Q: 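Quick one: structure below, then a few questions.
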Amino acid sequence: MRASEYYIPTLREAPAEAEIPSHRLLLRGGFIRPLAAGIFTYLPFGQRVLSKVEQIIREEMNRAGAHEVLMSVLHPRELWEKSGRWDTFKPTPLRVTDRAERHFCLGPTHEEIITDLIAMDLDSYRDLPVTLYQIQVKFRDELRARGGLIRCKEFIMKDAYSFDTSREGLDRSYDAMYDAYVRIFERLKLPMTVVEAEAGSIGGTDTREFMLLAENGEDTVFMCDSCDYASNAECATSRPAAGTEPSEQGRRELVDTPDAKTVEQVCEMLDVTPDRLVKTLLFHTDNGFAAALVRGDRALNEFKLARAVEGDKMRMADDAEVQDLTGARVGFAGPVDLPEDVTIIADHEVRELSDFVTGANQDDAHFVGVNVDVDFEVDQWADLREACHGDRCSECDTGTLQARRAIELAHVFKLGTTYSEALGATFSDSEGREQVAVMGCYGVGVSRIIAGIVEHYHDDDGIIWPRESAPFEAAILLLSPNDEELRGIADNLYDELQDAGLDVLYDERDLSPGIKFAEADLLGSPVRLVVGRTTRNEGKVELRRRGDGHEELVELEDTVHAVLSLLEDA
RNA sequence: CGGGGCGUGGCGCAGUUUGGUUAGCGCGCUUGACUGGGGGUCAAGAGGUCGCCGGUUCAAAUCCGGCCGCCCCGACCA
């Protein structure tokens, strides 16, 4: 591509709204432009990167036996009502109504659509297994978009769905997709940390997220520093901390704690540390009310509680319900003498405690010297607490958990039969009995990958694209475009490199060298060729690798070979 | 939705507290000349509903009210 004929609207300074490197550099380099909060236009450079990433994904999907389709962004309401997600999917899909008052949503994900599609034509077990995928725009009505391409309202996703006759078949399809993902990220040169995760609004089991560790990621993952345990903070587990020593009084006692509603206030008033206190959090669940107990310095993980109570519609009790259940204002709830029908679920760590502090279920009062089994009974023990940096690993004896920020680039999970049942994706097995297809779901955040690459590969001057995703693999800088001889040399090089199969950006614009160098660094092609002074004086071309600054001078006739060899390690 | 910040030429900003000529500066842009190895120099230019609406005032970028948009933190989340 000749730069003079191309569209490269670079910015010398990044717009003020961009804070993180990927956002700033993608804007500065003319890869993207904002249209509205969380909505972007991809310019030629950005589109090229998208295409490269998509192509790698396509190749690996196809290699894994998946087949590409393209589904609509507009989804009829009735399909989402069949799955029950019209009102429950979070964030609520963006809804639209046509002139005939038909209701649609802009698809945030395509389980309903693909399952309906398969259900239309699925008859026999002989039709399975099948895995279909698409690369398509998704809409999610995010409460708040952030970080440029990291979290958008509109984004590009590769989503694949597998249909099998059995759990065993699903396992095979899942493994094939998992392996494909490993290959995709190897080719993209993005080191992945695969973590255990929650399935969220999609549902399912065996959820794994492919995480890129990154300062500006919005997810937190915990990694053991000793074994290979890694998990999203949403579901990370840790060993209960050692218990506290019994205190002196050794028996339950009511103390005044006027207006002390928070752990901090109670601790200050009673002069104790938060790890000697047990928090009681009341929830409304499918099976009535539950009280969740965690140590005062711990955060409750609602995913874990939801799993423990086996309820879909769990929510925190409101102020009136708390008043009703405890007879006290919010802030003074405790496990002692709660109504019989409130299920008490306690975090394992509570078991390690003795003589602790709890709310007294009366206004402005707490108990000290409370003990499990002495003062109240626990109905159910469970892992309820958020893991913390420095917690001991639950999987090995020696490790501790390290918290790291990360960007989720892909996920895989086993859906089972939720959608195939709801949407009628059934088939006849070899004995003529009707069976429900077993599904898996596999997503890759294509546009987010671009942000991930830039977050991972950049320096102060710009982006450092790995060859595989670079918009152009090599950039020729002709520093003296008015010198006919040099121009002829550069034109030749341009042709030769293209003939060698490379994507080449040929900067033959009549601009000062400084601008060309600065833009070349910003745009980040892996290899840069300079045709200029040295070419005129010595007949040589200067080669520079963007990644490590490695430079060499090569004879004209060796240039293509040298570029190719530099690209080997780019 | 809660908290915070911002909105002035394409981009980055000053000016707003304390209302008062013609709204400035840097970059970018146009033209010309010089220059030609890291966003070069000089000269001459173009470009502004000061986010929008309303109000106060002789007078509003500046004060008041409402609204909109954007960013960050939180809540939520593949």
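Computed from a predicted structure; not experimentally measured. Here is the naming used below: chain letters follow the sequence lines, and residue numbers restart at 1 for every chain. Worth knowing before you read on, the calculation uses all heavy atoms, side chains too, and leaves out hydrogens, waters and symmetry mates.
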Q: For the side chain of A:E19, starting at C-beta, report the closest nucleotide among B:G38, B:C71, B:C70.
A: B:C71

Q: Could you tell me if A:D179 and A:Y181 have a donor-acceptor pair between their side chains, going purely by distance under 3.5 Å?
A: no

Q: From the list B:A78, B:G38, B:G39, which nucleotide is the closest neighbour of the side chain of A:H411?
A: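 It is B:A78.
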
Q: Determine which nucleotide pairs with B:U21, using a 3.5 Å limit on both distances of a Watson-Crick or G-U wobble pair.
A: none

Q: Taking CD from A:E142 and P from B:C73, how many angstroms apart are they, rounded to a whole number?
A: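 Checked: the CD to P distance equals 14 Å.
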
Q: B:G55 and B:G45: how far apart are their C1' atoms, nearest whole angstrom?
A: 40 Å

Q: At 4.0 Å (heavy atoms only), tell me whether A:R28 reaches a base, stays on the sugar-phosphate, or touches nothing.
A: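 Result for A:R28 = base.
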
Q: Under 4.0 Å from OP1 or OP2 of B:A75: is there any side-chain N or O of A:R144 that close?
A: no

Q: When the aromatic ring centroids of A:H110 and A:Y419 are compared, is their separation below 6.0 Å?
A: no

Q: May I ask which nucleotide in the shown strands pairs with B:G38, Watson-Crick or G-U wobble, both distances under 3.5 Å?
A: none

Q: Check every atom of B:G38, B:G74, B:C13 against the side chain of A:R146 and return the nucleotide holding the closest atom.
A: B:G74

Q: Report which part of the nucleic acid A:A197 touches: base, sugar-phosphate, or nothing (heavy-atom distance under 4.0 Å, all strands).
A: nothing

Q: Compare every heavy atom of A:A145 with every heavy atom of A:G38, then report the nearest pair and how far apart it is.
A: CA-CB, 3.4 Å

Q: Would you measure the distance from the C1' atom in B:A23 across to the matching atom in B:C13 and give it in whole Å?
A: 14 Å

Q: Would you say the side chain of A:E13 and the base of B:G28 hold a donor-acceptor pair, judged only by whether the two atoms sit under 3.5 Å apart?
A: no

Q: Base of B:G38, side chain of A:R533 - is there a donor-acceptor contact under 3.5 Å?
A: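 No such pair is found, so the answer is no.
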
Q: Does any nucleotide pair with B:C1 by Watson-Crick or G-U wobble geometry, both distances under 3.5 Å, and what is it?
A: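 Looking at the geometry, B:C1 pairs with B:G74.
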
Q: Roughly how far apart, to the nearest Å, are B:U17 and B:G37 at atom P?
A: 50 Å

Q: With sugar-phosphate meaning primed atoms plus P, OP1 and OP2, does A:A520 contact a base, only sugar-phosphate, or nothing at under 4.0 Å between heavy atoms?
A: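 Since no nucleic acid heavy atom lies under 4.0 Å of A:A520, the category is nothing.
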
Q: Please determine whether a side-chain nitrogen or oxygen atom of A:R140 lies at a distance below 4.0 Å from atom OP1 or OP2 of B:A78.
A: no

Q: Find the distance A:N537:CG to B:G36:P and express it as a whole number of Å.
A: 14 Å

Q: Consider the side chain of A:R12, meaning its heavy atoms from C-beta on, and name the nucleotide among B:C70, B:G39, B:C13 that approaches it most closely.
A: B:G39

Q: State whether a side-chain donor-acceptor pair under 3.5 Å links A:Y161 with A:T131.
A: no

Q: Between B:C42 and B:G28, how far apart are the two P atoms, rounded to whole Å?
A: 12 Å

Q: Using the P atom as the point on both nucleotides, what is the distance between B:U30 and B:G69, in whole Å?
A: 35 Å

Q: Which label fits A:W465 and A:F31: parallel for a plane angle under 30°, tilted from 30 to 60°, or perpendicular past 60°?
A: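 The rings of A:W465 and A:F31 sit tilted, inter-plane angle from 30° to 60°.
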
Q: Quick one: A:N216 CG to B:C73 C1', roughly how many Å, whole number?
A: 14 Å

Q: Go through the side-chain N and O atoms of A:E111 and A:T109 and say whether any donor and acceptor fall under 3.5 Å apart.
A: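 The criterion, which ignores hydrogens and geometry beyond distance, is satisfied for A:T109 and A:E111.
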
Q: Only pairs with both distances under 3.5 Å count, Watson-Crick or wobble alike; so what is the partner of B:G45 in this structure?
A: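 Base partner found: B:C29.
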
Q: NA contact type, A:A14, heavy-atom cut-off 4.0 Å: base, sugar-phosphate, or nothing?
A: sugar-phosphate

Q: Taking the same atom, C1', in B:A59 and in B:G2, what whole-Å distance lies between them?
A: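 40 Å, rounded to whole Å.
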
Q: For a quick check of understanding: with a heavy-atom distance under 4.0 Å over all strands, which category does A:L511 fall into, base, sugar-phosphate or nothing?
A: base

Q: Round to a whole Å and report the spacing from CD of A:E234 to P of B:A75.
A: 12 Å

Q: When the ring planes of A:Y506 and A:Y494 are compared, do they come out parallel, tilted or perpendicular, using 30° and 60° as the limits?
A: tilted

Q: Output the single nucleotide from B:G12, B:G39, B:A78 whose closest atom is nearest the side chain of A:E408.
A: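 The answer is B:A78, which lies nearest to the side chain.
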
Q: Rounded to whole Å, how long is the line connecting atom NZ of A:K90 with atom P of B:C1?
A: 16 Å

Q: Rounded to whole angstroms, how far apart are CG on A:L94 and P on B:A78?
A: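 In whole Å, B:A78 P and A:L94 CG are 18 Å from each other.
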
Q: Which part of the nucleic acid, if any, lies within reach of A:R528 when heavy atoms closer than 4.0 Å are counted: base, sugar-phosphate only, or nothing?
A: base

Q: Which one, B:C11, B:G36, B:G39, comes nearest to the side chain of A:P15?
A: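 Among the listed nucleotides, the one closest to the side chain of A:P15 is B:C11.
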
Q: Looking at A:C441 and A:L415, what are the two nearest heavy atoms and their distance?
A: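 Result for this residue pair: CB-CD1, 3.5 Å.
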
Q: With rounding to the closest Å, how many angstrom separate the C1' atoms on B:G47 and B:C25?
A: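 Comparing C1' positions in B:G47 and B:C25 gives a spacing of 15 Å.
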
Q: Taking only the C1' atom of each, what is the distance from B:A60 to B:U8 in whole angstrom?
A: 14 Å

Q: Could you pick out which residue, A:E17 or A:V530, lies toward the 5' side of RNA chain B when each is mapped onto its nearest nucleotide?
A: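 Its nearest nucleotide being more 5', the pick is A:V530.
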
Q: A:S480 side chain: which of B:A75, B:A78, B:G36 is closest?
A: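 The answer is B:G36, which lies nearest to the side chain.
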
Q: A:R404 vs A:T220, test: side chain to side chain donor-acceptor pair (under 3.5 Å). Steps then yes/no.
A: CA-CA 6 Å; A:R404 303 288 296 274; A:T220 300; over 6 Å; no

Q: Need the pair for B:G54. Rule: Watson-Crick or G-U wobble, both distances under 3.5 Å, any strand; none if unpaired.
A: B:C64

Q: Answer yes or no: side-chain N or O of A:D461 and base N or O of B:G38 forming a donor-acceptor pair under 3.5 Å.
A: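 No such pair is found, so the answer is no.
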
Q: Please report, rounded to the nearest Å, how far the C1' atom of B:C70 is from the CG atom of A:L27.
A: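 Atom-to-atom, A:L27 to B:C70, this comes out as 13 Å.
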
Q: For A:D141, answer base if it contacts any base atom (sugar-phosphate contacts may also be present), sugar-phosphate if it contacts only those atoms, and nothing otherwise; contact means non-hydrogen atoms under 4.0 Å.
A: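 A:D141: no heavy atom of the nucleic acid under 4.0 Å.
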
Q: What is the pairing partner of B:G69, taking Watson-Crick or G-U wobble pairs with both distances under 3.5 Å in any strand?
A: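 B:C6 - that is the nucleotide pairing with B:G69, both distances being under 3.5 Å.
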
Q: Mapping A:T534 and A:G147 to their closest nucleotides on RNA chain B, which lands nearer the 5' end?
A: A:T534

Q: Expressed in angstrom and rounded to an integer, what is the separation of A:F40 atom CZ from B:C70 atom C1'?
A: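 Nearest whole value for this atom pair: 11 Å.
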
Q: For A:G532, report the nucleic acid contact type (base, sugar-phosphate, nothing); a contact means any heavy atom under 4.0 Å.
A: base

